[in-house]
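Notes follow the structure.
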Amino acid sequence: VQTEDEIAAINSAIGAALAGVRAATSTSGPGFSLMVEGLGWAGMNEAPVVITYYQRGGPSTGMPTRGSQADLLFAIFASHGEFPRVVLSSGDHLEAFYDAIWAFNIAEKYQVPVIHLLDKFLANMTTTMPIPDFSRVRIERGQTILEASNGAWRRFDKSNPISPRPILGSGAITWYTGDEHNEWGHITEDAINRLEMYEKRWRKLQLIDSEIPEEERAILHGNKDGDFLLVGWGSVKGVALEALEVLESKGFKGSFLQLKMLHPLPSRLISKTLSNFDPERIIDVENNIMGQAAALIAMNTGFTIKKYILKYTGRPMYVMELVDAVISILEGRSSRVVLSYGK
């Protein structure tokens with residue numbers, strides 16, 4: 001459905017999700033800015049909607065034909081108030097296929113909005129890839145109830161973070177509102193109810209963190225006993241893996257830690273992985289100016305990455321410039337390298 005604007009797009013997707021279908025919308029930075037109020041409504045109402053987010057150069061209209069990784073923190077903290085959401089990132093096209101299904105499963109199982117982050121580098125790229133293995137595909141709809149007994153339901157039952165979800169038209173009578181509400185969905189500003197509802201929603205993050213294996217949320221590539229570590233996400237995966245091969249031919253044996261679920265971050269696995277490397281030889285690699293994933297790691301683990309390779313020209317990273325930057329850091333000539341190759 002082509003809606004008139006991005007606000008209508010997310011609200012239409014949320015309405016479709018409440019009516020029982022798996023619903024998604026897609027956008028880039030300016031459009032996501034408009035969707036944020038709808039995102040908060042989905043958070044308040046535990047609506048399982050998926051947003052595919054193609055990052056492009058910003059701010060404002062920025063560079064609409066160029067790529068970026070500068071919207072990570074925005075995706076995690078967008079909307080006022082606090083509510084759980086999941087943020088995923090794919091490293092290549094085959095991953096994007098499986099991760100789209102994963103996003104829907106998470107959204108419906110835990111009844112949260114899921115933001116699927118992709119770089120415009122991947123969105124605008126052609127590739128040759130294997131045919132997806134459909135034996136790996138599982139559909140999980142969680143406690144979605146397609147047919148229910150007539151009458152009012154405690155849609156937001158506080159006894160569990162995940163409440164049974166009868167869809168609109170199932171026979172159940174449910175209420176949805178943008179305001180805080182009681183178990184039935186009716187508006188209330190009662191202080192104790194607010195505390196219990198706020199914590200009910202927030203406990204979903206703890207549940208997600210405990211139930212989804214950390215090995216699926218962060219992946220270590222390359223030499224497990226490497227003498228340096230690159231940390232990155234999204235389209236950095238491809239160039240990092242190729243750069244590791246070139247670097248090994250030059251006598252530098254390294255690894256790459258790919259972050260796939262950025263929120264909730266697999267903090268325990270990340271902390272364990274980082275502890276196996278010399279802190280002076282851990283390098284954050286991203287397409288933004290501030291090293292947003294490194295900031296996220298510091299926030300969640302207390303570990304501060306000190307070395308950076310960054311690019312924010314809107315052009316993708318190239319293998320030869322990444323290789324040169326890594327060598328410069330490993331040889332002690334730099335601690336922060338800004339890449340600029342490509343016109």
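No hydrogens, no waters, no symmetry mates; every other heavy atom, side chains included, goes into these values.
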*Can you establish whether the number of heavy atoms outside Arg333 located under 6.0 Å from its atom CZ is more than 12?*
yes

*asked:* Strictly distance-based, threshold 3.5 Å: is any side-chain N or O of Ser163 a donor or acceptor partner for the main-chain N or O of Asp157?
replied: yes

*Can we say Glu248 and Lys253 salt-bridge, meaning some charged N sits less than 4.0 Å from an Asp/Glu carboxylate O?*
no

*Look at Glu46 together with Arg165 and state whether they make a salt bridge at an N to O cut-off of under 4.0 Å.*
no

*asked:* For Trp233 and Glu286: C-alpha separation, side-chain torsions, deciding distance, then whether side chain to side chain donor-acceptor pair (under 3.5 Å) applies.
replied: CA-CA 7 Å; Trp233 56 287; Glu286 300 187 61; 3.0 Å; yes

*When you look at CG of Leu195, are more than 12 heavy atoms from neighbouring residues, nucleotides or ligands closer to it than 6.0 Å?*
yes

*Anything under 30° is parallel, anything over 60° is perpendicular, the rest tilted; go ahead and classify Phe134 against Phe97.*
perpendicular

*Taking Ser210 for its side chain and Gln206 for its backbone only, find out whether a donor-acceptor pair lies under 3.5 Å.*
yes

*Test: Arg217 and Asp209 ion pair at under 4.0 Å*: yes

*Would one find more than 12 heavy atoms of other residues, nucleotides or ligands at under 6.0 Å from atom OH of Tyr341?*
no

*Are Glu280 and Lys307 close enough for a salt bridge, meaning some N to O gap below 4.0 Å?*
yes

*Charged tip of Arg155 within 45° of Tyr176 ring normal and under 6.0 Å*: no

_Side-chain donor or acceptor of Asn105 paired with backbone N/O of Glu140 under 3.5 Å_ = yes

*How far apart are the C-alpha atoms of Lys200 and Ser159, what are their side-chain angles, what is the distance that settles it, and do they pass the side chain to side chain donor-acceptor pair (under 3.5 Å) test?*
CA-CA 8 Å; Lys200 168 201 180 330; Ser159 64; over 6 Å; no

*asked:* Whether the side chain of Ser334 engages the backbone of Arg336 through a donor-acceptor N/O pair (distance < 3.5 Å, no angle test) should be reported.
replied: no

*Hey, any chance Ile106 and Val87 share a hydrophobic cluster, counting ILVMFWY side chains that come within less than 4.5 Å of each other, even indirectly?*
no

*Inspect the surroundings of CD in Glu321 and state if more than 12 heavy atoms from other residues, nucleotides or ligands are less than 6.0 Å away.*
yes

*Ring centres of Tyr54 and Phe32 under 6.0 Å apart?*
no

*asked:* If the threshold is 4.0 Å, N to carboxylate O, is there a salt bridge linking Glu180 and Arg194?
replied: yes

*Got a sec: does the CD1 of Ile139 have more than 12 other heavy atoms crowding it under 6.0 Å?*
yes

_Salt bridge flag under 4.0 Å for residues Glu199 and Lys158_ = no

*Ser60 (side chain) donor-acceptor with Gly62 (main chain) under 3.5 angstrom*: no

_Quick one about Ser90 and Asp99 (side-chain donor to acceptor, distance below 3.5 Å, no hydrogens or angles considered), yes or no?_
yes

_CG on Leu18 to OG1 on Thr174, rounded to 0.5 Å_ = 8.0 Å

*State whether the side chain of Arg281 and the backbone N or O of Asp227 hold a donor-acceptor pair below 3.5 Å, judged by distance alone.*
yes

*State whether the side chain of Glu108 and the backbone N or O of Pro48 hold a donor-acceptor pair below 3.5 Å, judged by distance alone.*
no

_Working for ring pair (Phe, Tyr, Trp, His ring centres under 6.0 Å), residues Tyr53 and His116_ = CA-CA 6 Å; Tyr53 187 165; His116 185 189; over 10 Å; no

*asked:* Between Phe228 and Phe277 (judged by ring centroids, cut-off 6.0 Å), do the two rings come close enough to count as a pair?
replied: no

*Less than 4.0 Å between a side-chain N and a carboxylate O, is that true for Lys260 and Glu216?*
no

*Check step by step if side chain to side chain donor-acceptor pair (under 3.5 Å) holds for Tyr312 and Asn287.*
CA-CA 5 Å; Tyr312 36 90; Asn287 288 287; over 6 Å; no

*Could you tell me whether Glu189 atom CD has more than 12 heavy atoms of other residues or ligands within 6.0 Å of it?*
no

*Counting distance only, does the side-chain N/O of Arg85 pair as donor-acceptor with the main-chain N or O of Ile76 below 3.5 Å?*
yes

*Return yes if some donor-acceptor pair links the side-chain N/O of Tyr98 with the main-chain N/O of Asp133 below 3.5 Å, else return no.*
yes

*Verify whether one side chain among Glu95 and Gln258 offers a donor that lies under 3.5 Å from an acceptor in the other.*
yes

